[in-house]
Amino acid sequence: MTDFASDLLRLLSTRGYIHQLTDAAGLDALASRQVVPGYIGFDPTAPSLHVGSLVQIMLLRRLQQAGHKPIVLMGGGTGKIGDPSFKDEARKLLSEEGIATNVASIRRIFERFLTFGDGPSDAIMLDNAEWLDALEYIPFLRDIGQHFSINRMLSFDSVKLRLDREQSLTFLEFNYMILQAYDFLELSRRAGCRLQMGGSDQWGNIVNGIELARRVDSTEVFGITTPLITTADGGKMGKTMSGAVWLHEDQLPHYDYWQFWRNTDDRDVGRFLRLFTDLPLDEIARLEALQGAEINEAKKVLADAATAMCRGVAAAAEAAETARRTFEEGAAGGSLPTFKVAGGEIGIVDALVGLGLCASKGEARRLIKGGGARVGADKVMDEAMMIRVGTDQIRIAAGKKHHGILIAG
């Protein structure tokens, strides 16, 4: 079904967010007649989310733009276990204090993308620790566990792949899918939630929650999954040479965030403009039709819009100006990553790692061997090269697009 009546599903469809729907006709009818509260869960495993979570954040934004109510569910409870979906091994367990710190930090990200408040379509943030921490084991097994088939749970890809590889899956992790289903049931009771959304890897968990709500409360709820977002070259969205592309400026400078979008593959520009900006579709069609060197203008529009949404308009303008000065004038822009050198001298390998231009010393050595490292305008030929840092700043480059500044510490 692609010819939707509701603003919500038309918006999600035309922007490229829909991979699977549990009941397209039912959700379309519901969204046409009432405000639909919908949720996505996020486990607070770090102080910031990264670009890999951005399509889900934008999905909540689209929900609100279509007049519906976003529910951001923080996994303060499930975060104590960790989602085993398509992981090779169990996550490191976090302390309650660490989880609380991460939840507070992550909330700042959502406040940039969503409008929170008490209105019908205002976003709310809840924490599943509120109900999961209070569960009693025996009553939970009796009341909820009876609705789950072990045979079926073993058939889900997220579990099956771990077992096929003969990698350990703890009983703790195995419970995650039951708890996520229970979250949907609790949210339908507490907040009238009728929709769960997530990535394609969450399909089994979402279906579990829908069936649990139907069996226990006879409540009709729905699910949407998004396609796996990969780049045109087959890479995973948000993974770069230097590591994760964090949404918080505490973890990643504005310039690096802007540059990530500016470096988008030509083939991805239109899709990323639809998914990650609010630009009108007719403007996006014009931009993605640009050919040759002109496509770089579309990439700058993408970088400006995506950075402004996540970091603010001033941050986007500052990053764009730094890029212009760095590449057009050859100057050292003020927003480039910097690294303070104590003692006045540093090896080129340590400089590349310290600036975040390379993720490891091995990667830095490979970059140098391939001729991709420069100090100022000079190509680095020797991985043992030492750089003396005095009163003048020294510009380091990794390839053509990644730059940083060494300063005296």
TODO: Please name the pair of heavy atoms, one in Gln64 and one in Ala123, separated by the smallest distance, quoted to 0.1 Å.
DONE: NE2-N, 3.4 Å
Task: Residues in side chain to side chain donor-acceptor pair (under 3.5 Å) contact with Asp250, at least two apart in sequence or another chain - done: Arg108
TODO: For residues Ile57 and Leu247, determine if any side-chain heavy atom of one lies less than 4.5 Å from a side-chain heavy atom of the other.
DONE: yes
TODO: Can you see which heavy atom on Ala316 is nearest to which on Thr307, and at what distance?
DONE: CA-CG2, 3.7 Å
Task: Tyr182 vs Leu135 side-chain heavy atoms within contact, under 4.5 Å - done: yes
TODO: Take Ile99 and Met74, measure what side-chain contact (heavy atoms from CB on, under 4.5 Å) needs, and give me the verdict at the end.
DONE: CA-CA 10 Å; Ile99 290 172; Met74 285 286 104; over 6 Å; no
Open item on the list: Taking the side chain as everything from C-beta on, heavy atoms only, tell me whether Trp203 gets closer than 4.5 Å to Thr22.
Closed with: yes
TODO: Starting at CG of Asp350, measure out to SG of Cys358 and round the result to the nearest 0.5 Å.
DONE: 11.5 Å
TODO: Kindly compute the distance separating CH2 (Trp258) from NZ (Lys300), expressed to the nearest 0.5 Å.
DONE: 6.5 Å
TODO: Rounded to the nearest 0.5 Å, what's the gap from OG1 on Thr78 to CG on Leu73? Could you check?
DONE: 7.0 Å
TODO: Can you run down the salt bridge (charged side-chain N to carboxylate O under 4.0 Å, His left out) pairs that involve residues 51-64, sequence neighbours left out, and say none if there aren't any?
DONE: Arg61-Asp278, Arg62-Asp278
TODO: Output, in order, the C-alpha distance, side-chain angles, deciding distance and verdict of side-chain contact (heavy atoms from CB on, under 4.5 Å) for Leu195 and His68.
DONE: CA-CA 11 Å; Leu195 173 65; His68 301 281; over 6 Å; no
Task: Member of Arg366, Lys361, Arg365 meeting the salt bridge (charged side-chain N to carboxylate O under 4.0 Å, His left out) criterion with Glu383 - done: Arg365
TODO: Please examine the side chains of Tyr17 and Met197, heavy atoms only from C-beta on, and report whether any two atoms are closer than 4.5 Å.
DONE: no
Task: 4.5 Å side-chain heavy-atom contact, Arg311 and Arg112 - done: yes
TODO: Give the C-alpha distance, both sets of side-chain angles, the deciding distance and a yes or no for side chain to side chain donor-acceptor pair (under 3.5 Å) between Asp28 and Ser6.
DONE: CA-CA 6 Å; Asp28 196 33; Ser6 65; 2.6 Å; yes
Open item on the list: Listing request: all ring-ring contact (aromatic ring centres under 6.0 Å, His included) pairs with a residue in residues 270-300, at least two apart in sequence or in separate chains.
Closed with: Trp261-Phe276, Phe272-Phe276
Open item on the list: List the residues meeting side-chain contact (heavy atoms from CB on, under 4.5 Å) with Ala317, not counting sequence neighbours, and say none if there are none.
Closed with: none
Task: Side-chain heavy-atom pair Phe184, Asn208 within 4.5 angstrom cut-off - done: no
Per-pair distances, 0.1 Å, donor-acceptor, side chain in residues 279-291, under 3.5 Å, sequence neighbours excluded:
unit_1, atom_1, unit_2, atom_2, d
Glu283, OE1, Arg286, NE, 3.2
Glu283, OE2, Arg286, NH2, 2.9
Glu288, OE2, Arg274, NH1, 2.9
Gln291, NE2, Ala289, O, 3.2

Open item on the list: Treating Asn205 as the side-chain partner and Gln180 as the backbone partner, does any N or O pair qualify as donor plus acceptor under 3.5 Å?
Closed with: no
Can you give the donor-acceptor pairs under 3.5 Å from side chains of residues 222-230 to other protein atoms, not counting sequence neighbours?
unit_1, atom_1, unit_2, atom_2, d
Thr225, OG1, Gln20, N, 3.3
Thr225, OG1, Gln20, OE1, 2.8
Thr226, OG1, Gln56, NE2, 2.9

Open item on the list: For Leu252 and Phe260: C-alpha separation, side-chain torsions, deciding distance, then whether side-chain contact (heavy atoms from CB on, under 4.5 Å) applies.
Closed with: CA-CA 11 Å; Leu252 187 74; Phe260 165 77; 5.9 Å; no
- [ ] Please report the closest heavy-atom contact between Ile124 and Gly117, naming both atoms and the distance.
- [x] CG2-O, 4.0 Å
Task: Arg152 with Glu211: basic N within carboxylate O range, under 4.0 Å - done: yes
TODO: Decide side-chain contact (heavy atoms from CB on, under 4.5 Å) for Val55 and Leu59; before the verdict, give the C-alpha distance in whole Å, the side-chain angles of both, and the deciding distance to 0.1 Å.
DONE: CA-CA 6 Å; Val55 71; Leu59 195 53; 5.9 Å; no
Task: Gap separating the CD1 atom of Ile295 from the CG atom of Leu302, nearest 0.5 angstrom - done: 10.0 Å
Task: Under 3.5 Å donor-acceptor, Lys69 side chain and Leu63 backbone - done: no
- [ ] For Gln146, look at atom CD and say whether over 12 heavy atoms of other residues, nucleotides or ligands are found less than 6.0 Å away.
- [x] yes
Task: Pair Gln196-Gln202, side-chain donor/acceptor within less than 3.5 Å - done: no
Task: For Asp183, side chain to side chain donor-acceptor pair (under 3.5 Å) partners two or more places apart - done: Asn128, Trp131
- [ ] Identify the heavy atoms of Glu363 and Leu357 that sit nearest to each other, and give their distance.
- [x] OE2-O, 4.1 Å
Open item on the list: With heavy-atom distances below 4.5 Å as the criterion, would you say the side chains of Ser105 and His248 are in contact?
Closed with: yes
Task: Partner set under side chain to side chain donor-acceptor pair (under 3.5 Å) for Asp265, not counting sequence neighbours - done: Arg267
Task: Nearest heavy atoms of Ala66 and Leu8, plus distance in Å - done: CB-CA, 3.7 Å
TODO: Report yes or no: do Asn102 and Thr45 form a side-chain donor-acceptor pair below 3.5 Å?
DONE: no
Open item on the list: For the OG atom of Ser32 and the CZ atom of Arg10, what is their distance to the nearest 0.5 Å?
Closed with: 7.5 Å
Open item on the list: For Ala181 versus Phe148, what's the shortest heavy-atom pair and its separation?
Closed with: CB-CZ, 3.6 Å
Task: Lys379 (side chain) donor-acceptor with Arg374 (main chain) under 3.5 angstrom - done: no
TODO: Could you list the residues that satisfy side chain to side chain donor-acceptor pair (under 3.5 Å) with Arg215, not counting sequence neighbours?
DONE: none
Task: Residues in ring pair (Phe, Tyr, Trp, His ring centres under 6.0 Å) contact with Trp246, at least two apart in sequence or another chain - done: His50
Task: Side chain proximity check, Tyr257 to Glu249, heavy atoms < 4.5 angstrom - done: no
Task: Lys369: partners by side-chain contact (heavy atoms from CB on, under 4.5 Å), with sequence neighbours left out - done: none
Open item on the list: Working to the nearest 0.5 angstrom, can you tell me the gap between Arg190 CZ and Leu185 CG?
Closed with: 10.5 Å
TODO: Can you sort out the partners of Phe42 under ring pair (Phe, Tyr, Trp, His ring centres under 6.0 Å), two or more places apart, ordered by chain and number?
DONE: Phe110
Open item on the list: Atom CD of residue position Glu96 - does it have more than 12 heavy atoms of other residues, nucleotides or ligands inside 6.0 Å?
Closed with: no
